[in-house]
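Keep in mind that what you see is a predicted model, and the values were worked out from it rather than measured.
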Amino acid sequence: MDKSYTILLVPDRDAKVKKIRLEHRMLVRVVVCAGVVVMALIGMAAHYFQVVGKVAENELIRAENLELQNRWREAEQKFAHINDELDRVKRLNANLRHITSLNDPDRKLTMPADPGGKPPEFVGGDGVATETAQAGVAMGGPISGGEGRMIADGDAKGAHEDPDLLKSLDNLDKKVKAQEQEARALKSYFEDQQALLASAPSIWPVRGWVTSDYSVRLDPYTGERMMHEGIDVAAALGTPVRSPADGTVVFAGLEGGYGHVLVIDHGYGLKTRYGHLQRIDVKVGEKVKRGEFIAAVGNTGRSTGPHLHYEVRVNGVADNPRKFILEE
């Protein structure tokens with residue numbers, strides 16, 4: 001027989017006593033159900049606190065992401081600003097290259113070292129010499145050798161690495177601004193010197209073969225050793241002669257053994273002289289630009305064949321024209 005339990009309820013002294021009879025099996029079921037409910041409530045509470053913790057963690061992550069997004073936007077703005085600064089620096093550098101007209105930082109001025117075993121040097125551009133020009137090789141004496149080079153140097157330093165991105169960007173921005181200021185100073189300087197650069201006889205006046213250099217040589221007529229104060233370039237009759245720099249024509253006419261002679265004053269004490277010309281295409285007082293055709297190669301005066309005698313004089317003193325020529 002199953003056990004049972006009786007619960008007496010006495011609401012008041014005068015009230016009737018109530019009896020509640022509980023069977024053992026029923027009581028066990030109630031206790032089990034109560035335990036399950038309590039366990040469920042505990043599980044729900046644990047899950048609730050876990051969710052609350054995750055929400056708090058998500059809020060922290062969301063705040064960090066928002067801060068990172070703001071910092072990234074700020075970094076993007078700084079990068080855009082730095083790119084604008086770099087673009088301005090590039091434009092300044094392009095202006096400098098345009099002002100100086102020096103697009104090749106490594107120019108070589110070469111001359112043959114062996115006067116007997118090698119043909120004369122062809123100058124003034126790519127091309128093939130004509131038979132007439134090659135025939136003029138007999139004019140000159142020994143050809144001296146030499147080589148010149150223009151080198152553009154620059155020192156580059158890497159940016160200091162800093163774990164803070166914005167600080168690194170600030171440092172980079174400062175360096176870019178410093179470079180821009182330096183480039184502006186260079187641009188201002190070169191603009192001031194633009195007239196001087198335009199006056200430098202930096203290109204060959206004619207295409208042809210160098211048959212006699214600026215050096216002591218044997219005179220082709222007298223056989224005496226004497227200073228040759230220019231460069232002889234053999235070319236075909238009528239080959240155009242161009243001005244090596246901006247200037248003003250100060251003389252055009254006959255001059256003794258040099259035949260038809262042209263003299264251009266480039267300012268700053270620089271003058272160029274052209275002899276043995278077939279014709280002169282400019283007049284005294286006329287202004288010319290670098291590369292402009294001014295005359296034609298001839299064989300006038302005391303000459304052994306068609307060629308151009310080219311001189312550069314600095315304050316009236318002859319100087320080696322190769323010192324000023326920058327092209328091949």
Side-chain angles (χ1 to χ4, degrees), residues 2-13 15-100 103 105 152-191:
D2 295 334
K3 292 182 179 180
S4 62
Y5 301 92
T6 302
I7 300 174
L8 298 176
L9 299 177
V10 183
D12 197 358
R13 67 178 68 178
K16 185 179 179 180
V17 176
K18 294 181 179 181
K19 296 181 180 180
I20 299 176
R21 186 168 177 265
L22 296 175
E23 294 182 357
H24 179 73
R25 288 181 298 178
M26 180 65 66
L27 184 60
V28 171
R29 291 174 183 175
V30 170
V31 171
V32 171
C33 291
V36 171
V37 171
V38 171
M39 293 297 295
L41 290 177
I42 293 175
M44 292 175 61
H47 178 71
Y48 170 77
F49 288 112
Q50 185 179 7
V51 170
V52 169
K54 288 184 177 180
V55 169
E57 183 179 357
N58 289 339
E59 289 294 333
L60 180 60
I61 294 175
R62 187 178 294 109
E64 291 178 352
N65 287 338
L66 182 60
E67 182 181 359
L68 289 175
Q69 289 177 1
N70 292 334
R71 291 170 66 86
W72 180 251
R73 292 193 193 96
E74 187 177 352
E76 285 183 334
Q77 293 175 356
K78 286 184 175 291
F79 271 123
H81 176 68
I82 291 174
N83 285 332
D84 292 340
E85 296 286 344
L86 290 176
D87 288 340
R88 281 195 289 271
V89 172
K90 289 180 181 179
R91 288 194 294 269
L92 286 173
N93 289 335
N95 288 338
L96 291 179
R97 288 193 297 270
H98 176 71
I99 290 172
T100 57
N103 294 323
D153 293 329
D155 295 332
K157 296 182 178 179
H160 175 66
E161 295 184 359
D162 192 295
D164 190 339
L165 175 61
L166 297 180
K167 185 176 180 180
S168 298
L169 290 174
D170 288 336
N171 293 335
L172 181 59
D173 189 26
K174 292 177 182 178
K175 292 183 178 181
V176 170
K177 288 181 178 178
Q179 185 177 4
E180 182 180 9
Q181 291 177 356
E182 183 178 355
R184 288 187 182 279
L186 287 173
K187 179 175 180 289
S188 176
Y189 171 78
F190 281 119
E191 285 177 342

Peer 1: At what distance, to the nearest 0.5 angstrom, does CD1 of I61 lie from CG of L66?
Peer 2: 13.5 Å
Peer 1: Measuring from E64:CD to R71:CZ, what's the distance to the nearest 0.5 Å?
Peer 2: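 Here the rounded value is 12.0 Å.
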Peer 1: According to salt bridge (Lys or Arg N to Asp or Glu O under 4.0 Å), who are the partners of R29, at least two apart in sequence or on a separate chain?
Peer 2: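 Once residues adjacent in sequence are excluded, R29 has no partner under the salt bridge (Lys or Arg N to Asp or Glu O under 4.0 Å) criterion.
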Peer 1: About how many Å separate CD1 of I82 and NZ of K174, when rounded to the nearest 0.5 Å?
Peer 2: 12.0 Å
Peer 1: Under the side chain to side chain donor-acceptor pair (under 3.5 Å) definition, can you give me all pairs with a residue in residues 44-59, not counting sequence neighbours?
Peer 2: E59-R62
